[in-house]
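Each remark here refers to the structure printed beneath this line.
What you see is a predicted model, and the numbers here were worked out from it, not measured in a lab.
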Amino acid sequence: MERNYFFDFIRGIAIIMVIAIHTYTNSDLNNLQGEIYTIIRQIFNCAVPIFFAISGYFLASKNLYDKDHLLDFWRLQIPKVYTPVLFWSFPFLILDLIKCKSLSCLFLGIIKYFTCSYSIYYFIAVIIQFYILLPLLLKLRNNITKLIILAFLISFISVFVSIYYIQVNGLDIPLIILAGHADFWIIFFIIGIFLRYSSRNYSLIYPIFFVFFTLGLQYVECSYLYGFHGGGFGVKPSSFLFSLSMIFLLFNKRLENYYNERSKLILLIRKIGNLSFGIYLTHCFFISIIHNIPFKFSWFVEWLIILSISFVFVKIGNYIFPKKINKFIGFC
């Protein structure tokens, strides 16, 4: 099947937003600059949901109705995302083991390594869960309305309980426990499946309206949560509503029809999207390096530096490594 470059473009937007999130430092809502930065930061909360929706959209076409096809799918697809995470998690494991002074610490490090618990790799744990759930979800596709309602309730109960318990109590919970479970994100994966078999030629007016409306809700909720422990900038119930609005906006067929690569910027974003997995896997290392140099950059400058270095790093890897190596480390 011919590759749809429009979705690479969307991936490019999403990975750019991911790097923006990971280079962001919480703002002070007591001044104008802090409020402006906070509003901008809220826009980026849709990044991870977009990736889950894209996964659901493309996986919905898989033929998994017999055992052989299902086993082949798991055999090919799970190692494709899991092996690179094991490779890039290894430095974190070594650092943990060096610090370990007990068997329990050693055991915990190994568990973290194999469960994608290091750094930001919880995303892969969730993707693997969706791979496992995919046959069941495809069987329920004929009752897609009920499935969406159920998924909506599951996700919102999960995010409401997790986020409010953490924000109000100021708890520091590992990402894998907070967001590394499929129920947290399932609404976006299901919406991706829904959009695969639905007309995407709907009016842009409603998604645009809800994007602005839910962005305002995000700001209000962030301001409320900020009063507890200075947080509330990231994932929360209102950000899930905003993310759904953004997904319906970006997946719109009319918007896709406007897409063209005559603009060098559009082409660059598409190329970034094509390498988004490798950029996701590696950018956290460059952030650590930047944070350990003696001078500081503004948010935008650091964001641009990390994005540029990560893109060039993965692009060079594509050129110099054999295809098997690039697959093993997630660069293709």
Side-chain angles (χ1 to χ4, degrees), residues 8-27 37 40-41 43-48 50-51 80-99 109 112-113 116-127 174-176 178-180 233-235 265 267-322 325-332:
D8 279 334
F9 173 73
I10 296 177
R11 288 187 185 95
I13 293 173
I15 195 62
I16 289 169
M17 291 193 289
V18 165
I19 294 176
I21 291 170
H22 294 156
T23 52
Y24 179 78
T25 303
N26 288 0
S27 300
Y37 276 20
I40 295 171
R41 170 63 181 81
I43 297 171
F44 304 143
N45 282 330
C46 64
V48 172
I50 287 171
F51 277 117
K80 186 177 179 180
V81 296
Y82 187 53
T83 304
V85 166
L86 292 181
F87 177 83
W88 292 106
S89 294
F90 194 69
F92 295 105
L93 174 63
I94 295 301
L95 288 174
D96 256 6
L97 296 184
I98 290 172
K99 298 175 185 176
K112 288 170 66 178
Y113 177 68
C116 308
S117 299
Y118 281 114
S119 188
I120 52 165
Y121 300 141
Y122 74 94
F123 175 85
I124 302 304
V126 179
I127 283 292
L175 276 173
I176 192 69
L178 169 65
F233 296 92
V235 174
L265 178 60
L267 179 60
L268 176 61
I269 294 173
R270 192 264 286 178
K271 289 181 177 180
I272 290 171
N274 192 37
L275 300 177
S276 59
F277 187 44
I279 294 171
Y280 156 74
L281 291 167
T282 57
H283 77 275
C284 53
F285 294 98
F286 300 117
I287 291 175
S288 296
I289 293 170
I290 288 288
H291 286 175
N292 282 286
I293 61 177
F295 48 91
K296 303 297 180 184
F297 300 99
S298 68
W299 175 31
F300 179 77
V301 172
E302 182 178 335
W303 173 13
L304 186 61
I305 289 172
I306 298 300
L307 174 62
S308 301
I309 293 174
S310 303
F311 174 70
V312 171
F313 182 74
V314 177
K315 194 72 175 175
I316 290 172
N318 265 199
Y319 279 118
I320 66 175
F321 296 135
I325 297 296
N326 278 313
K327 282 187 175 182
F328 183 79
I329 63 177
F331 283 10
C332 68

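- Distance alone, capped at 3.5 Å, places no donor-acceptor pair between the N318 side chain and the C332 backbone.
- Contacts of Y319 classified as ring pair (Phe, Tyr, Trp, His ring centres under 6.0 Å), with partners at least two apart in sequence or in another chain: none.
- Qualifying side chain to side chain contact (heavy atoms under 4.5 Å, CB included) partners for T282, counting only residues two or more places apart in sequence or in other chains: W88, F286, S310, F313, V314, F331.
- In terms of the ring pair (Phe, Tyr, Trp, His ring centres under 6.0 Å) criterion, F321 has no residue partners (sequence neighbours excluded).
- For D8, the salt bridge (charged side-chain N to carboxylate O under 4.0 Å, His left out) partners two or more places apart in sequence, or in a different chain, are R3, R11.
- Under the side chain to side chain contact (heavy atoms under 4.5 Å, CB included) criterion, L86 pairs with Y82, Y113, F114, sequence neighbours left out.
- The ring pair (Phe, Tyr, Trp, His ring centres under 6.0 Å) search around F90 returns none, not counting sequence neighbours.
- Considering only residues two or more places apart in sequence or on other chains, K315 meets the salt bridge (charged side-chain N to carboxylate O under 4.0 Å, His left out) condition with none of them.
- Considering only residues two or more places apart in sequence or on other chains, F51 meets the ring pair (Phe, Tyr, Trp, His ring centres under 6.0 Å) condition with none of them.
- In this structure Y122 satisfies the side chain to side chain donor-acceptor pair (under 3.5 Å) test with no other residue, sequence neighbours excluded.
- Here R270 pairs with E261 under the salt bridge (charged side-chain N to carboxylate O under 4.0 Å, His left out) rule; sequence neighbours left out.
- With sequence neighbours left out, the side chain to side chain contact (heavy atoms under 4.5 Å, CB included) criterion links P174 to I176, I177.
- In this structure L178 satisfies the side chain to side chain contact (heavy atoms under 4.5 Å, CB included) test together with S162, I163, I166, I173, L175, sequence neighbours excluded.
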